[in-house]
Protein chains: 2
Amino acid sequence: MIKADKPQPFSANCPSREILELIGGKWSLLILCLLKAGPQRTGSIMRSVQGISQKMLTQTLRDLERSGIVTRKSYSEVPPRVEYSLTPLGETLSVLVLPFEQWVVDNYEQVIVAQARFDALHTEDSKNQDA
Amino acid sequence: MIKADKPQPFSANCPSREILELIGGKWSLLILCLLKAGPQRTGSIMRSVQGISQKMLTQTLRDLERSGIVTRKSYSEVPPRVEYSLTPLGETLSVLVLPFEQWVVDNYEQVIVAQARFDALHTEDSKNQDA
DNA sequence: CTGCATCCTTTTCGATACTG
DNA sequence: CAGTATCGAAAAGGATGCAG
(Lines give C-alpha, C1' and ligand atoms only; values in the text may rest on other atoms or scores of the structure.)
Protein backbone atom coordinates (compact mmCIF):
# COMPACT_ATOMS: atom_id res chain seq x y z
CA MET A 1 0.00 0.00 0.00
CA ILE A 2 1.07 3.48 -0.77
CA LYS A 3 2.14 5.77 1.95
CA ALA A 4 0.64 9.08 0.97
CA ASP A 5 2.21 12.34 1.96
CA LYS A 6 0.39 14.04 4.73
CA PRO A 7 -2.48 16.01 3.26
CA GLN A 8 -1.87 19.71 3.36
CA PRO A 9 -3.83 22.87 2.66
CA PHE A 10 -1.64 23.52 -0.32
CA SER A 11 -2.44 20.32 -2.14
CA ALA A 12 -2.92 20.42 -5.85
CA ASN A 13 -6.65 19.85 -5.61
CA CYS A 14 -7.26 22.57 -3.09
CA PRO A 15 -10.20 24.72 -4.14
CA SER A 16 -8.17 27.82 -3.57
CA ARG A 17 -6.14 26.97 -6.63
CA GLU A 18 -9.08 27.46 -8.94
CA ILE A 19 -10.25 30.62 -7.25
CA LEU A 20 -6.71 31.87 -7.37
CA GLU A 21 -6.61 31.36 -11.08
CA LEU A 22 -9.97 32.98 -11.46
CA ILE A 23 -9.13 36.20 -9.73
CA GLY A 24 -5.41 35.92 -10.34
CA GLY A 25 -5.86 36.72 -13.97
CA LYS A 26 -4.23 39.84 -15.19
CA TRP A 27 -7.53 41.67 -15.63
CA SER A 28 -10.05 40.04 -13.32
CA LEU A 29 -9.44 42.17 -10.28
CA LEU A 30 -9.32 45.32 -12.36
CA ILE A 31 -12.70 44.59 -13.88
CA LEU A 32 -14.04 43.64 -10.50
CA CYS A 33 -12.97 46.99 -9.10
CA LEU A 34 -14.45 48.82 -12.02
CA LEU A 35 -17.81 47.14 -11.69
CA LYS A 36 -18.02 48.11 -8.05
CA ALA A 37 -19.13 51.51 -9.32
CA GLY A 38 -22.10 49.98 -11.07
CA PRO A 39 -23.14 48.27 -14.31
CA GLN A 40 -20.99 48.98 -17.31
CA ARG A 41 -21.24 48.41 -21.00
CA THR A 42 -18.60 46.38 -22.79
CA GLY A 43 -17.12 49.29 -24.67
CA SER A 44 -17.03 51.39 -21.55
CA ILE A 45 -15.09 48.76 -19.68
CA MET A 46 -12.69 48.39 -22.52
CA ARG A 47 -11.96 52.11 -22.57
CA SER A 48 -11.51 52.21 -18.82
CA VAL A 49 -9.20 49.29 -18.46
CA GLN A 50 -6.37 50.55 -20.56
CA GLY A 51 -4.39 48.04 -22.50
CA ILE A 52 -6.92 45.24 -22.47
CA SER A 53 -7.82 43.73 -25.80
CA GLN A 54 -11.32 42.85 -26.79
CA LYS A 55 -10.45 39.23 -26.70
CA MET A 56 -9.17 39.35 -23.15
CA LEU A 57 -12.08 41.45 -22.01
CA THR A 58 -14.66 39.05 -23.33
CA GLN A 59 -12.69 36.09 -22.07
CA THR A 60 -12.30 37.50 -18.59
CA LEU A 61 -15.92 38.57 -18.38
CA ARG A 62 -17.07 35.16 -19.49
CA ASP A 63 -14.94 33.54 -16.86
CA LEU A 64 -16.32 35.78 -14.17
CA GLU A 65 -19.82 35.22 -15.43
CA ARG A 66 -19.33 31.48 -15.44
CA SER A 67 -18.27 31.57 -11.83
CA GLY A 68 -21.22 33.66 -10.78
CA ILE A 69 -19.21 36.78 -10.07
CA VAL A 70 -20.71 39.02 -12.72
CA THR A 71 -23.97 39.10 -14.60
CA ARG A 72 -24.34 39.66 -18.30
CA LYS A 73 -27.45 41.50 -19.33
CA SER A 74 -28.07 41.65 -23.04
CA TYR A 75 -30.68 44.05 -24.42
CA SER A 76 -32.27 43.05 -27.69
CA GLU A 77 -31.71 46.33 -29.40
CA VAL A 78 -30.05 47.63 -32.48
CA PRO A 79 -27.26 48.34 -32.08
CA PRO A 80 -26.75 45.66 -29.44
CA ARG A 81 -26.23 46.73 -25.86
CA VAL A 82 -24.68 44.54 -23.21
CA GLU A 83 -24.24 45.47 -19.59
CA TYR A 84 -22.14 43.73 -16.99
CA SER A 85 -22.63 44.07 -13.27
CA LEU A 86 -21.61 42.36 -10.08
CA THR A 87 -23.75 39.60 -8.66
CA PRO A 88 -24.35 39.53 -4.91
CA LEU A 89 -21.56 36.99 -4.76
CA GLY A 90 -19.37 39.26 -6.78
CA GLU A 91 -20.08 42.10 -4.39
CA THR A 92 -18.88 40.07 -1.44
CA LEU A 93 -15.71 39.39 -3.33
CA SER A 94 -15.21 42.96 -4.45
CA VAL A 95 -15.25 44.31 -0.92
CA LEU A 96 -12.30 42.10 -0.12
CA VAL A 97 -10.31 43.97 -2.70
CA LEU A 98 -10.63 47.26 -0.85
CA PRO A 99 -8.02 46.52 1.84
CA PHE A 100 -5.78 45.29 -0.89
CA GLU A 101 -6.17 48.49 -2.85
CA GLN A 102 -5.34 50.42 0.27
CA TRP A 103 -2.28 48.29 0.81
CA VAL A 104 -1.02 49.15 -2.64
CA VAL A 105 -1.55 52.83 -1.98
CA ASP A 106 0.18 52.64 1.37
CA ASN A 107 3.09 50.43 0.40
CA TYR A 108 3.66 50.93 -3.25
CA GLU A 109 6.56 53.25 -2.72
CA GLN A 110 8.19 50.87 -0.29
CA VAL A 111 7.97 48.09 -2.83
CA ILE A 112 9.54 50.25 -5.52
CA VAL A 113 12.39 51.15 -3.22
CA ALA A 114 12.96 47.53 -2.33
CA GLN A 115 13.00 46.56 -5.98
CA ALA A 116 15.46 49.29 -6.89
CA ARG A 117 17.70 48.31 -4.01
CA PHE A 118 17.59 44.66 -4.95
CA ASP A 119 18.33 45.44 -8.57
CA ALA A 120 21.26 47.61 -7.59
CA LEU A 121 22.75 44.88 -5.45
CA HIS A 122 22.44 42.39 -8.23
CA THR A 123 23.90 44.61 -10.90
CA GLU A 124 27.46 44.04 -11.95
CA ASP A 125 28.25 47.74 -11.77
CA SER A 126 27.95 47.82 -8.04
CA LYS A 127 30.41 45.12 -7.12
CA ASN A 128 33.50 47.28 -7.56
CA GLN A 129 32.43 49.92 -5.09
CA ASP A 130 31.06 48.05 -2.13
CA ALA A 131 32.97 50.17 0.41
CA MET B 1 -4.30 69.52 -29.71
CA ILE B 2 -5.16 66.07 -28.60
CA LYS B 3 -8.15 65.48 -26.51
CA ALA B 4 -7.00 62.90 -24.02
CA ASP B 5 -9.40 60.49 -22.41
CA LYS B 6 -10.14 61.40 -18.87
CA PRO B 7 -7.47 59.91 -16.62
CA GLN B 8 -8.73 56.97 -14.67
CA PRO B 9 -7.53 54.74 -11.89
CA PHE B 10 -7.23 51.93 -14.35
CA SER B 11 -4.61 53.50 -16.53
CA ALA B 12 -1.83 51.35 -17.87
CA ASN B 13 0.77 52.95 -15.65
CA CYS B 14 -1.20 52.52 -12.46
CA PRO B 15 1.01 51.05 -9.73
CA SER B 16 -1.63 48.48 -8.96
CA ARG B 17 -0.79 46.78 -12.22
CA GLU B 18 2.66 45.81 -11.04
CA ILE B 19 1.51 44.74 -7.64
CA LEU B 20 -1.23 42.78 -9.28
CA GLU B 21 1.28 40.91 -11.35
CA LEU B 22 3.44 40.37 -8.33
CA ILE B 23 0.82 38.73 -6.18
CA GLY B 24 -1.32 37.58 -9.06
CA GLY B 25 1.20 34.96 -9.98
CA LYS B 26 0.04 31.42 -9.75
CA TRP B 27 2.15 30.67 -6.71
CA SER B 28 2.84 33.93 -4.93
CA LEU B 29 -0.19 33.93 -2.68
CA LEU B 30 0.27 30.28 -1.88
CA ILE B 31 3.83 30.82 -0.75
CA LEU B 32 2.79 33.90 1.14
CA CYS B 33 0.22 31.89 3.04
CA LEU B 34 2.70 29.17 3.76
CA LEU B 35 5.28 31.55 5.16
CA LYS B 36 2.75 33.01 7.54
CA ALA B 37 3.45 29.99 9.70
CA GLY B 38 7.10 30.92 9.97
CA PRO B 39 10.43 30.55 8.17
CA GLN B 40 10.71 27.65 5.78
CA ARG B 41 13.48 25.99 3.91
CA THR B 42 13.39 25.76 0.14
CA GLY B 43 12.81 22.04 0.00
CA SER B 44 10.11 22.26 2.60
CA ILE B 45 8.22 24.87 0.62
CA MET B 46 8.54 22.81 -2.50
CA ARG B 47 7.06 19.78 -0.81
CA SER B 48 4.23 21.79 0.68
CA VAL B 49 3.17 23.62 -2.43
CA GLN B 50 2.24 20.65 -4.52
CA GLY B 51 2.83 20.90 -8.22
CA ILE B 52 5.31 23.73 -8.18
CA SER B 53 8.56 23.15 -10.00
CA GLN B 54 11.89 24.12 -8.61
CA LYS B 55 12.23 26.73 -11.28
CA MET B 56 8.95 28.41 -10.47
CA LEU B 57 9.64 28.24 -6.77
CA THR B 58 12.96 30.00 -7.08
CA GLN B 59 11.55 32.47 -9.54
CA THR B 60 8.59 33.36 -7.36
CA LEU B 61 10.69 33.62 -4.25
CA ARG B 62 13.16 35.86 -6.01
CA ASP B 63 10.35 38.09 -7.16
CA LEU B 64 8.92 38.34 -3.69
CA GLU B 65 12.35 38.96 -2.26
CA ARG B 66 13.02 41.66 -4.79
CA SER B 67 9.87 43.46 -3.80
CA GLY B 68 10.66 43.27 -0.13
CA ILE B 69 7.95 40.77 0.69
CA VAL B 70 10.14 37.90 1.80
CA THR B 71 13.65 37.58 3.17
CA ARG B 72 16.21 35.08 2.05
CA LYS B 73 18.58 33.89 4.76
CA SER B 74 21.42 31.72 3.55
CA TYR B 75 23.49 29.78 6.05
CA SER B 76 27.03 29.02 5.03
CA GLU B 77 26.86 25.35 5.79
CA VAL B 78 27.40 22.09 4.05
CA PRO B 79 24.99 21.06 2.78
CA PRO B 80 23.61 24.50 2.06
CA ARG B 81 20.62 25.70 4.04
CA VAL B 82 18.39 28.54 2.93
CA GLU B 83 15.43 29.85 4.82
CA TYR B 84 12.72 32.16 3.61
CA SER B 85 10.51 34.24 5.82
CA LEU B 86 8.13 37.17 5.60
CA THR B 87 9.42 40.67 6.03
CA PRO B 88 7.37 43.12 8.11
CA LEU B 89 6.02 44.39 4.82
CA GLY B 90 5.22 40.86 3.80
CA GLU B 91 3.37 40.31 7.02
CA THR B 92 1.12 43.28 6.38
CA LEU B 93 0.34 41.82 3.01
CA SER B 94 -0.21 38.31 4.25
CA VAL B 95 -2.88 39.36 6.72
CA LEU B 96 -4.93 40.71 3.84
CA VAL B 97 -5.09 37.24 2.45
CA LEU B 98 -6.97 35.92 5.43
CA PRO B 99 -10.38 37.37 4.49
CA PHE B 100 -9.81 36.08 1.03
CA GLU B 101 -9.08 32.60 2.27
CA GLN B 102 -12.26 32.75 4.29
CA TRP B 103 -14.18 33.87 1.25
CA VAL B 104 -12.97 30.87 -0.67
CA VAL B 105 -14.04 28.58 2.15
CA ASP B 106 -17.43 30.23 2.40
CA ASN B 107 -18.21 30.57 -1.27
CA TYR B 108 -16.29 27.88 -3.05
CA GLU B 109 -19.31 25.64 -3.36
CA GLN B 110 -21.42 28.44 -4.72
CA VAL B 111 -18.83 29.13 -7.39
CA ILE B 112 -18.70 25.49 -8.38
CA VAL B 113 -22.46 25.37 -8.71
CA ALA B 114 -22.48 28.50 -10.80
CA GLN B 115 -19.81 27.08 -13.08
CA ALA B 116 -21.64 23.80 -13.50
CA ARG B 117 -24.87 25.62 -14.26
CA PHE B 118 -23.17 27.87 -16.77
CA ASP B 119 -21.49 24.96 -18.48
CA ALA B 120 -24.76 23.07 -18.69
CA LEU B 121 -26.50 26.00 -20.32
CA HIS B 122 -23.76 26.34 -22.85
CA THR B 123 -23.53 22.69 -23.75
CA GLU B 124 -25.09 21.50 -26.96
CA ASP B 125 -26.70 18.51 -25.27
CA SER B 126 -29.05 20.64 -23.26
CA LYS B 127 -30.69 22.58 -26.04
CA ASN B 128 -33.03 19.81 -27.09
CA GLN B 129 -34.59 19.36 -23.71
CA ASP B 130 -35.22 22.84 -22.44
CA ALA B 131 -38.74 22.05 -21.31
C1' DC C 1 -21.86 47.48 -30.60
C1' DT C 2 -20.75 43.00 -29.16
C1' DG C 3 -18.69 38.67 -29.67
C1' DC C 4 -16.50 34.72 -31.91
C1' DA C 5 -12.92 32.32 -34.77
C1' DT C 6 -8.49 32.27 -36.79
C1' DC C 7 -3.65 33.08 -37.17
C1' DC C 8 0.57 34.24 -35.27
C1' DT C 9 3.78 36.13 -31.79
C1' DT C 10 5.24 36.33 -27.11
C1' DT C 11 5.55 34.52 -22.77
C1' DT C 12 5.34 30.95 -19.42
C1' DC C 13 6.52 26.79 -17.60
C1' DG C 14 8.40 22.07 -16.89
C1' DA C 15 12.11 18.76 -17.61
C1' DT C 16 16.84 18.07 -17.61
C1' DA C 17 21.54 18.69 -16.75
C1' DC C 18 25.02 20.94 -14.27
C1' DT C 19 27.55 24.15 -10.53
C1' DG C 20 28.55 25.52 -5.69
C1' DC D 1 20.31 21.05 -0.71
C1' DA D 2 19.90 25.17 -3.32
C1' DG D 3 20.24 27.47 -7.54
C1' DT D 4 21.13 28.44 -12.57
C1' DA D 5 20.96 27.70 -17.61
C1' DT D 6 19.06 25.75 -21.59
C1' DC D 7 15.67 23.65 -24.49
C1' DG D 8 11.23 22.61 -26.13
C1' DA D 9 6.30 22.26 -25.23
C1' DA D 10 2.30 24.67 -23.89
C1' DA D 11 -0.38 28.54 -22.91
C1' DA D 12 -1.45 33.35 -23.10
C1' DG D 13 -2.18 37.24 -25.60
C1' DG D 14 -2.82 40.53 -29.66
C1' DA D 15 -4.45 41.56 -34.38
C1' DT D 16 -7.61 40.84 -37.79
C1' DG D 17 -11.77 39.51 -40.16
C1' DC D 18 -16.43 38.20 -39.88
C1' DA D 19 -21.31 37.42 -37.93
C1' DG D 20 -25.46 38.74 -35.22
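By convention in this document, chain letters (A, B, ...) are assigned in the order of the sequence lines, proteins followed by strands, and residues within each chain are numbered from 1.
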Can you tabulate the close N/O pairs, meaning under 3.5 Å, that link protein atoms to atoms of nucleotides 4-6 of chain C?
| from | atom 1 | to | atom 2 | distance (Å) |
| --- | --- | --- | --- | --- |
| C/dC4 | OP1 | A/Arg62 | NE | 3.1 |
| C/dC4 | OP1 | A/Arg62 | NH2 | 2.4 |
| C/dC4 | N4 | A/Gln54 | OE1 | 3.1 |

Figure out the CD/C1' separation between A/Gln59 and D/dG14, and round it to whole Å. 11 Å
CE of B/Met56 versus P of C/dT12: gap in Å, rounded?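 Value for this atom pair: 9 Å.
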Do any side-chain nitrogens or oxygens of [X] fall under 4.0 Å of OP1 or OP2 in [N]?
X       : N      : answer
B/Ser53 : C/dA15 : no
A/Arg41 : C/dC1  : no
A/Arg72 : C/dG3  : yes
A/Tyr84 : C/dG3  : yes

Qualifying side-chain hydrogen bond (donor to acceptor under 3.5 Å, both in side chains) pairs, either residue in residues 31-44 of chain B, two or more places apart: B/Lys36-B/Glu101, B/Gln40-B/Ser44
Got a list of side-chain donor-acceptor pairs under 3.5 Å for residues 17-25 of chain B, not counting sequence neighbours?
| from | atom 1 | to | atom 2 | distance (Å) |
| --- | --- | --- | --- | --- |
| B/Arg17 | NH1 | A/Gln50 | O | 3.2 |
| B/Arg17 | NH2 | A/Gln50 | O | 3.0 |
| B/Arg17 | NH2 | B/Phe10 | O | 2.7 |

Is it true that A/Leu96 and B/Leu30 fall in one hydrophobic cluster, defined by side-chain heavy atoms closer than 4.5 Å? yes
Run the side chain to side chain contact (heavy atoms under 4.5 Å, CB included) test on B/Val111 and B/Val104 for me, step by step, so that the C-alpha distance in whole Å, both residues' side-chain angles and the decisive distance to 0.1 Å come before the verdict. CA-CA 9 Å; B/Val111 170; B/Val104 173; over 6 Å; no
Given C/dT2, D/dG13, C/dC13, the nucleotide with the shortest approach to the side chain of A/Lys26: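 Of all the options, the side chain of A/Lys26 is nearest to D/dG13.
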Can any side-chain N or O of B/Thr87 pair as donor or acceptor with the backbone N or O of B/Ile69 at less than 3.5 Å? yes
